[in-house]
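Working notes for the structure below.
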Amino acid sequence: MIHAIGGSEGIAIGKAFVLPNWEWELPEQKIEALDLAHEFERLYEGVKQSKSEIHQMKHELDETVGREEVSIFDAHLAILDDPVFMNEIQGIIQRQYKAAAVAVKEAIDHFVTMFDLLDDEYMKERALDIKDVGNRLLKHLLGAPEISLPSDNQPFVLVARELTPSQLIHLKPDVVLGIVTMIGSASSHSAIMARAFGIPLVMGVEGKLERPIVTGDLLILDGGAGTLAVMPNAETVGRYTELRRQHLEAKERLQDLVKVPAVTPDGSRLALAANISSTKELDAALSRGAAGVGLFRTEFLYMDRSRFPTEEEQFEVYRAAAERLGGAALTIRTLDIGGDKQLDYYDMPEENNPFLGYRAIRFSLDRRDLFKTQLRAILRAAVFGDIRVMYPLITSIEEVRAAGALLAEAQRELEAEGIPCKGGLPTGAMIEVPAAVVISDLLADEVSFLSIGTNDLVQFTLAVDRMNDQINHLYEPYHPAVLRMLRSVAEAAGRKGIPVSVCGEMAGDVRAIPIWIGLGIQTLSMSVQAILPVKAAMLRTNAIACRQLVEELFALRSAAEIKERLERFHAEAAIQDGSVHPGMR
Ligand code: PEP
Ligand code: MG
């Protein structure tokens, strides 16, 4: 049995399907003068294939969608016919003896950078088109980088070196029994999405395998324990089949709690809301009794396409979500791109520290055009439900004010244009960096609520990259420093009389419940799968005992002591309650 990192709980037993490496691997070698003609031929063939693919898509879309979508394809075709673009590529091949694929990539980069520098919306749009069609051309020159899965609809365990969030959104949870990745960490967005889809995931098995896994190998993975067995014997298969059955049964039993209010035995309430990345997750959230959405990660709406979503497209998504929630709160977090969340069609600058870089609110305040499009869509959708806006990675009040000013400007514009919208929306600041914790009293004066993003807060408080599996063991949400940060925010918000929620993964960790209750947090927003286990634990946890426990926890000196004390607390509550803790391992 291999011990690695548990990314998403659940047991999967099935045959492996191993993904080939899909990254663009550009040939480094220069080409020989004799091969120039061949390289040109490859380029023309790639252009021909790209055009015929675009024509085909255009044809399919013609009747089903609006003109705007179809006209994008016309723009792409025009680029492939554009002599300036083609001359640039040909020039690089001919003068620098570079392969066609390398020349295409360099030409894309050249034009995208040039157009992006211009302060002209139209030209920026053209840059995106070039990137999009250029990637299509690269695909034909180098082979498809997209995931192509077996087409026979037989369930399998997906094995990959690494999965990006945008690749994960295309997976069908009904055929993917589980996922194994060579690298990765549990707080990455890929892991968060696997949890949202309820797909068991084990990560970081690189260096632990006796031999590489090949397609067809029988695998057993336990995403809760972080273990993997390759070609297990019959006894192990039998044991895990039974464990899997028990696991599914326990999950089934939790469904009985859907309609039970989330109240402690001594009357403390906690709203248990859902984190979603797409409206597809709303049905699952509602079927588990979620009290609204506390975090809508809108960046996936941007990842799931080949260009930035239009105002209209975003409006439709937000409106549908608000309507589906029937009046329950929908907290829309504005675009949090950067770090491990990249867009295929937008080149982010090369950065040494992307998590500390050009991302989240910093990106939005720099690309005000894109930000305003999103804010306009949100304001329009707000007519249809209880929508709140939340800004990610806030570090100063200037950022909150600048975002607020743009929100007001967007509202004025819509009103002047006579487009229905709703102003005065509650706005919130995410508390994800120590600076925001320290000034949470100042931020509380600027917004209507605070929401603690523990995933980033843990990484920045402890200076532990949440994506780096080598230091995964140092990523410790129960570190006393993190607990002090949490208390500081809760106290500042309490003094200012505004509500605090927690929307990082820690909110869905059953162990942490007494901390939230003890600190007086009002809302926990978590992955859909965590809602019922958290509720089950809450129903047997006394608020008064939690307040005392929090006092005790703050006197402890290490994460190990804190976790041990929490586990003891839960075990005692389970004994008193006469139940076995379904969420505890
Ligand atoms: C967080 O950082 O805790 C959070 C909720 O945001 P994300 O995980 O999307 O960075
Ligand atoms: Mg975050």
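In each ligand, atom 1 is the first atom listed, and ligand 1 is the first ligand listed.
- Against a heavy-atom cut-off of under 4.0 Å, R297 is close to the following atoms of ligand 1: 4 (C), 5 (C), 6 (O), 7 (P), 8 (O), 9 (O).
- Using 4.0 Å as the threshold, R466 has a heavy atom nearer than that to some atom of ligand 1.
- Residue contacts with ligand 1: E299 is placed with no nitrogen or oxygen under 3.5 Å of a nitrogen or oxygen of the ligand (distance criterion only).
- The distance from ligand 1 to the heavy atoms of E432 drops below 4.0 Å at these ligand atoms: 1 (C), 2 (O), 4 (C), 6 (O).
- Close approach to L295 involves these atoms of ligand 1, each under 4.0 Å from a residue heavy atom: 5 (C).
- Between the Q459 side chain and the R466 main chain, a donor and an acceptor come within less than 3.5 Å of each other.
- Taking 2.8 Å as the criterion, D336 does not count as a coordinating residue of the Mg ion (ligand 2), since none of its N, O or S atoms falls below it.
- No side-chain donor-acceptor contact under 3.5 Å links E432 to the backbone of I394.
- With the Mg ion (ligand 2) as the vertex, atom OE2 of E432 and atom OD2 of D456 span an angle of 100° (nearest 10 degrees).
- With L393, D456, N455 as candidates, the residue nearest to atom 10 (O) of ligand 1 on a non-hydrogen basis is D456.
- A donor-acceptor distance shorter than 3.5 angstrom exists from the side chain of D465 to the backbone of M467, with no hydrogens or angles considered.
- Each of the following atoms of ligand 1 lies closer than 4.0 Å to a heavy atom of K341: 9 (O).
- For S364 (side chain) and F371 (main-chain N/O), no donor-acceptor pair under 3.5 Å exists by modelled atom type.
- Between R359 and ligand 1, no N or O atom pair is found at a separation short of 3.5 Å.
- When R333, H189, M506 are checked for heavy-atom proximity to atom 6 (O) of ligand 1, R333 turns out nearest.
- The backbone N or O of N353 sits nowhere less than 3.5 Å from a side-chain atom of E351 that would complete a donor-acceptor pair.
- Residue-to-ligand polar distances keep C503 apart from ligand 1: every N/O pair is separated by 3.5 Å or more.
- The shortest separation from a heavy atom of E505 to ligand 1 is not under 4.0 Å, leaving the residue out of contact.
- When each atom of ligand 1 is checked for a heavy atom of G453 under 4.0 Å away, the hits are 1 (C), 2 (O), 3 (O).
- Proximity of a side-chain donor or acceptor of H570 to a complementary backbone N or O of R511 within less than 3.5 Å is detected.
- The aromatic rings of H189 and F300 are tilted relative to each other, their planes meeting at an angle between 30° and 60°.
- No donor-acceptor pair closer than 3.5 Å links the side chain of S188 to the backbone N or O of G184.
- For F308 and Y345, the distance between ring centers is under 6.0 angstrom.
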